[in-house]
Amino acid sequence: MATSATRPAAVAGDFEDAFDHLFARAYSLALAMVGEALLAEELTVETLARTRVDWTRIVRRSRPDWYVVRVVTLLAIDAVARREPVLEVTADPDAADDDSGIRLHHNEATALRALPRRRREVVALWCFGGYAKPDVAAILALDPSVVEAELELARVPLQQALGGAPGDGSP
């Protein structure tokens, strides 16, 4: 993920000029989170529709692409949480998972939705978006110490919701 706070040239002008860059950014994140191409595309289209409506306001930000990242992350959490839980069965239970993406599952999405919005956004961008803590702070316009505090405050409720014990090393 980009770590620079400078505006990418691809999002400096008209929405139409920035579309390809924004689409690629939103789609890759949505696909990593939901794991289904069609759903990822729907979330990306919804994100870009919202972006287009507010483009004159969004383009004035130092990083308009971070708005897209934030919106698609929240839409992905909601989409996964609304799904019915599915039991996944593989032919070989000992087979290694070769998927490099981090998938957001129903239980995780439900646990995230129970958190206050800012805490949910911090956790989602850090855990599932793959952003470094300073980038999460920049995307959400927060002080880095607030990001640290939000992650710490989310730890126990998420561990309880996901069945982990506090202090066992799970997120």
Side-chain angles (χ1 to χ4, degrees), residues 1-55 57-83 85-86 88 90 95-113 115 117-142 144 147 150-151 154 158 162 171:
M1 296 291 156
T3 58
S4 171
T6 61
R7 176 192 304 261
V11 294
D14 293 334
F15 178 77
E16 290 74 19
D17 296 336
F19 181 84
D20 289 339
H21 172 77
L22 296 175
F23 185 92
R25 188 89 184 246
Y27 179 77
S28 63
L29 180 55
L31 184 60
M33 291 181 74
V34 301
E36 296 175 21
L38 184 59
L39 180 56
E41 188 172 321
E42 290 174 7
L43 297 173
T44 301
V45 168
E46 174 65 23
T47 298
L48 293 179
R50 292 179 184 192
T51 304
R52 177 63 184 109
V53 167
D54 251 356
W55 183 250
R57 181 183 58 84
I58 294 165
V59 76
R60 286 186 239 135
R61 297 177 177 207
S62 63
R63 290 293 306 260
D65 54 326
W66 285 350
Y67 171 86
V68 169
V69 165
R70 187 176 187 177
V71 171
V72 80
T73 298
L74 294 174
L75 290 174
I77 291 168
D78 288 343
V80 173
R82 284 192 307 263
R83 286 185 195 161
V86 176
E88 296 179 16
T90 59
D97 184 8
D98 61 355
D99 186 14
S100 61
I102 299 173
R103 292 272 163 68
L104 181 63
H105 297 284
H106 182 268
N107 291 346
E108 295 162 342
T110 302
L112 279 172
R113 285 178 87 190
L115 296 174
R117 181 178 177 138
R118 182 170 69 184
R119 196 163 301 150
R120 176 175 63 232
E121 290 175 338
V122 167
V123 171
L125 289 171
W126 184 65
C127 290
F128 301 103
Y131 287 91
K133 292 174 187 174
D135 292 331
V136 172
I139 290 168
L140 300 176
L142 299 172
V147 170
E150 291 293 353
L151 289 171
L158 288 176
L162 299 173

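Counting from 1, the numbers follow the sequence of the chain as shown.
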Note, [X] side chain near [Y] side chain (heavy atom, < 4.5 Å):
| X | Y | answer |
| --- | --- | --- |
| Val69 | Arg63 | no |
| Met33 | Val80 | no |
| Leu140 | Arg70 | yes |
| Glu150 | Val136 | no |

Nearest 0.5 Å, please: how far is [atom2] in [Y] from [atom1] in [X]?
| X | Y | atom1 | atom2 | result |
| --- | --- | --- | --- | --- |
| Tyr67 | Leu22 | OH | CG | 11.0 Å |
| Thr51 | Phe19 | OG1 | CZ | 10.0 Å |
| Ile139 | Leu125 | CD1 | CG | 5.0 Å |

Would you sort out whether Leu74 and Arg117 count as a side chain to side chain contact (heavy atoms under 4.5 Å, CB included), showing the intermediate values? CA-CA 9 Å; Leu74 294 174; Arg117 181 178 177 138; 3.1 Å; yes
Sequence-distant partners of Ala40, side-chain contact (heavy atoms from CB on, under 4.5 Å), two or more places apart: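 Only Tyr27, Ala30, Leu31, Val34 meet the side-chain contact (heavy atoms from CB on, under 4.5 Å) criterion with Ala40.
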Contacts of type side-chain contact (heavy atoms from CB on, under 4.5 Å), residue Arg113, not counting sequence neighbours: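 Result, side-chain contact (heavy atoms from CB on, under 4.5 Å) vs Arg113: Ile77, Asp78, Ala81, Arg82.
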Output, in order, the C-alpha distance, side-chain angles, deciding distance and verdict of side chain to side chain contact (heavy atoms under 4.5 Å, CB included) for Glu16 and Arg52. CA-CA 9 Å; Glu16 290 74 19; Arg52 177 63 184 109; 3.7 Å; yes
Closest heavy-atom pair and its distance - [X], [Y]:
| X | Y | answer |
| --- | --- | --- |
| Ala154 | Val123 | CB-CG2, 3.5 Å |
| Trp55 | Phe15 | NE1-N, 3.2 Å |
| Leu158 | Leu112 | CD2-N, 4.2 Å |
| Leu43 | Ala76 | CD1-CA, 3.7 Å |
| Trp126 | Ala132 | CD1-C, 4.4 Å |

Please identify each residue that fulfils side-chain hydrogen bond (donor to acceptor under 3.5 Å, both in side chains) with [X], with sequence neighbours left out.
| X | answer |
| --- | --- |
| Arg50 | Glu46 |
| Glu42 | none |
| Arg120 | none |

